[in-house]
Amino acid sequence: MLVQYKTIKPEEVSAWKMVLNETDFPENGGLCVSVDGLQIAIFKFSRRDEWYATQNLCPHKKQMILSRGLIGAHGEEPKVACPFHKKTFSLKTGKNLNGDECEIATYPVKIKDGKVYVGYA
Amino acid sequence: MKKVLVIGNGMVSYKFCEKLRSRADGNQFEVKVFGEETIPAYDRVHLSEYFSDQSDEKLLMAPRAWYEDNDIELVTGKLVTQIDRENKMIKTHTGEKESYDYLILATGSRAMVPPIEGVNKKGVFVYRTIEDLTQIIDFSRKVKRGAVLGGGLLGLEAAKALMDLKLETQVVEFAPRLMPRQLDEQGSAMLKSKIEALGIEILLNKNTKEIIGNGKLNGLEFTDGTRLDTDMLVISCGIVSRDELAGKAGLETGPRGGFKVNEHMQTNDPDIYAIGEAASFNGMVYGLVAPGYDMAEVVVKRLTGDKEHLFKGADMSTKLKLIGVDVGSFGDALGETPGCVPISFEDKNAGIYKRVNISADRKKLLGGILIGDADDYGMLLQFTKNGMALPPNPEDLILGKRGSAVAGGGMDDLPDSTQICSCEDVSKGEIIQAIKEQEKPDLQQVRKCTGAGTGCGACSPMVGDIYAATLQSMGKVVRKTLCAHFDYTRQELYSLIKVKNVRTFDDLLDEYGTGDGCETCKPAVASLLASIWNDKILKQDTIQDTNDRFLANIQKGGSYSVVPRVPGGEITPDKLIAIGAVAKRYGLYTKITGGQRIDLFGARLNDLPRIWRELIDAGFESGHAYGKALRTVKSCVGSTWCRFGLHDSVSFAIEIENRYKGLRSPHKLKGAVSGCRRECAEAQSKDFGLIATEIGYNLYVCGNGGTNPQHAKLLAGDIDEKTAIKYLDRFLMFYIRTAEPLNRTSVWLNKLEGGIEYLKDVVVNDCLGIGEELEKDMQALIAAYHCEWKEAINDEKMMSRFRHFANVDDYDPTQQFVPMREMKKPADWE
């Protein structure tokens, strides 16, 4: 299940997929979308006026859950906490901030005309 | 470039590779590893966990990809059969040859099988590899009884495994006690009684004469003439080093087997090293993993140029959880040092045995044993290892609460060189340095950058103590503020929110905090806002923990459980039928809870609104099982039916539960009402409990079950119902105002200066003059009560959030359930 999720860097994007309206999102929270069989968690970080996307799968116990996690910041680093065991991951780099080894894939997001897009490689 | 060949791929072999690669890359050393088993190195120490989930992946030290990523060639399923020292080559069982510059023998050990007649019979196994386990599991399906030969560490692990396989389990030990090398008679007896209480039978003093049976075993015959009938036998009598390669290659072996090594871990051929259980150092084979890791370190350092680092033998101290029982044994555990003085403490009721051995001059701790409570293990081991001066009354070391003074003093007395974390080899000095180097010290950061406490976690409390002590020594006040985003305690925030009329998290953060919040402060503030204003939780759904955000309890696999309120545990047949119908329609697993209600598990997120619509139509309300809130008020049946009952406990419990339902608090709240002193509702184990007396009720508070059970304490005796409610209002509000986040009432009371007497003064005597105010606050909360689910399902926008995917209507396809008895359960964690 884990291998399918690979970070896509902004410069690697070859196509954008429209997934939702900006207004579908709660403030400072996430939603899960299905994109070509993958589960992607998209977060609207209203306080910082930023958007992030990561895999929805928490690599710790392999649960499809991260979109339901609380977001926040560790210093300046934006992060999401898995609801199950509070493992926290950087929304920017996908790195596990608890010092464990597992990390998550991140994806580019863009907003255009009120629509939310996820980047493809 | 030099070529390093490693023979064997077990835990020590893996550790060697890891350590070598952290100091030298592929340009310095080519590394190739041969493993006899078909899978890469796995964690043998936790082998018994394989029984519960049968996943070897979880046990792997590292996946195959790790070896590739680190430029290490790993060959599994190949046995190395020959070493040609002259040409510096090895040969495998299939004839391949491979040259080396350095050869590392990490061949480990095999299970020792004593020469008893009948060991080859079907149904006899050893306990060593995953393959052994698979065979044991397969065989166990056909049988009912299983015995373990050997009552040492591994034997008891194996017994736990058999018990987990649902076999009637016996342990047979030759010696007159369990773990004879680590425990004395009393300690062993305590361990025995604790293990027997779990249903494992233990036979001591049994010398097995023969394994009997025709082809397949059906029992053991002992030299004392008795016999034991059993269907399978697991032999766990110790280990023997795998040193078969020694003979032909002309490598020397130790008196009890194992490649003989010097303090550089070199065999008699200076380019051939042996490490782990394959090595014999000073005639000793170390059957623990920590010394093996030390040996690996010695070789790695030597190969990379540090020839001063020597192996000097190892400490056999050990602490572990054996079948759920804490066991610690350290230093001279059995008191064999001449003149040593043992001090012991035994509490048969609690199942605790502690022993320390003091030197003849009463100045040093030599070693000891801990059964049932091994919390002081780390501290005692440091006293032993560092030869630290004992407190004036050495019995303080093992006697109860006075320990905190010893622990604090002990921590300060430890030299900086003391090893605190043995998994990652971190010293006290390194931890202190890490704290001092940080601009804004943060305990998590300290753990992360030193690695301390990230392995087995046993040293975590000590790391915390060092952290607090170091900060204090730097003149910093350790204040229990919420987190990095709020420099206020929970109680201070409570006042701020109330006085300044703050209604949202963002407002509070803007006004009194910094940054963007986190998973600690968001739910804590959400709880405060709910405790003060009792607004709709879902108005600010993204600051709630998952359970509160979806008004249900998240379970394994991401499904939720649903608990409708059943006040006092009283329920009509029609309501029972309604719950049954809903559970049936949505395929839910149903279980009666400890709080006298019914939990419906396995609800998919998308189904929650429909499930609740039906429950609400049947007259149910939210049970707040998902919140830090009032859960239940349990009751016995009381005077209406019971011939002993003094008052109608059910009616009073219903009244109280309905009064406080929806009340949000720093942690969950549970109550109970018992109709007489027989106490069938277990009121004295609750946050608040009432027990009927001839003339009224006794009110108990601050009890709980859970991790550290605590009896509730009497707040007021023989009071009438109206007074009981008044005191409860005051007590609950006072707790909500002043407790730290996630502190149950019991923990809160333990920290409250003046304890229960002070609490009585506040609640009963109103010494602070806030009694009326507390009652008024409670009245406001009660008036603001609403069933969260009733409001939620009528809010369409809110309900649109109850979907797994926001862009399609599907359920989560990865969510799997498997049948269990006549219902279902989620598939296990991977």
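Only this structure's heavy atoms are used, side chains among them; waters, hydrogens and symmetry mates stay out. Each chain gets a letter, A, B and so on, in the order its sequence line appears, and its residues count up from 1. Not measured: the values here are computed from a predicted model.
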Against chain A, work out which of [options] has the most heavy-atom pairs shorter than 4.5 Å and name it.
{"options": "Thr520(B), Asn547(B), Asp510(B), Thr514(B)", "value": "Asp510(B)"}
{"options": "Lys522(B), His485(B), Gln555(B), Lys797(B)", "value": "Lys522(B)"}
{"options": "Gln540(B), Gln544(B), Arg803(B)", "value": "Gln544(B)"}

Side-chain ion pair, Asp516(B) and Lys79(A), N-O less than 4.0 Å: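 Answer for the salt bridge query: no.
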Asp24(A) and Arg801(B) ion-paired at < 4.0 Å: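 So Asp24(A) does not pair with Arg801(B) through a salt bridge.
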Top contributor to chain B interface from Leu31(A), Ile42(A), Val33(A) [non-hydrogen pairs under 4.5 Å]: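 Of Leu31(A), Ile42(A), Val33(A), Val33(A) has the most heavy-atom pairs under 4.5 Å with chain B.
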Partner chain B: residue of Gly29(A), Gly30(A), Cys32(A), Gly72(A) with the largest heavy-atom pair count (under 4.5 Å):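 Going by pairs under 4.5 Å, I would pick Cys32(A).
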May I ask you to check whether over 12 heavy atoms, not counting those of [X], lie within 6.0 Å of atom [atom1]?
{"X": "Glu76(A)", "atom1": "CD", "result": "no"}
{"X": "Lys9(A)", "atom1": "NZ", "result": "no"}
{"X": "Lys824(B)", "atom1": "NZ", "result": "yes"}

Contact check, side chains of Lys62(A) and Thr814(B), non-hydrogen atoms, under 4.5 Å: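 No; the side chains remain at least 4.5 Å from each other.
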Calculate, to the nearest 0.5 Å, the distance between atoms [atom1] and [atom2] belonging to [X] and [Y] respectively.
{"X": "Phe805(B)", "Y": "Leu20(A)", "atom1": "CZ", "atom2": "CG", "result": "12.0 Å"}
{"X": "Glu519(B)", "Y": "His74(A)", "atom1": "CD", "atom2": "NE2", "result": "9.5 Å"}
{"X": "Gln39(A)", "Y": "Asp812(B)", "atom1": "CD", "atom2": "CG", "result": "4.5 Å"}
{"X": "Asp506(B)", "Y": "Arg47(A)", "atom1": "CG", "atom2": "CZ", "result": "5.0 Å"}
{"X": "Phe45(A)", "Y": "Thr542(B)", "atom1": "CZ", "atom2": "OG1", "result": "10.0 Å"}

With a 4.5 angstrom heavy-atom cut-off, is it the side chain or the backbone of [X] that approaches chain A, or both, or neither?
{"X": "Ala806(B)", "answer": "both"}
{"X": "Asp810(B)", "answer": "neither"}
{"X": "Leu605(B)", "answer": "side chain"}
{"X": "Gln815(B)", "answer": "neither"}
{"X": "Lys556(B)", "answer": "backbone"}

Backbone N/O of Ile65(A) and side chain of His804(B): donor-acceptor pair under 3.5 Å: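 No.
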Check: Ser34(A) main-chain N/O paired with Asn807(B) side-chain donor or acceptor under 3.5 Å: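 Here the side-chain-to-backbone pair exists.
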Residue Ser46(A) versus chain B: region with a heavy atom under 4.5 Å: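 Interface part for Ser46(A): neither.
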Toward chain B, the part of Phe25(A) with a non-hydrogen atom under 4.5 Å: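 For Phe25(A), the backbone is the part near chain B, not the side chain.
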Check [X] against [Y] and note the closest heavy-atom contact, atom names and distance.
{"X": "Thr546(B)", "Y": "Arg68(A)", "answer": "OG1-O, 3.8 Å"}
{"X": "Arg549(B)", "Y": "Pro26(A)", "answer": "NH2-CG, 3.8 Å"}
{"X": "Cys518(B)", "Y": "Ala73(A)", "answer": "CB-O, 4.2 Å"}
{"X": "Lys86(A)", "Y": "Asp545(B)", "answer": "NZ-OD1, 3.2 Å"}

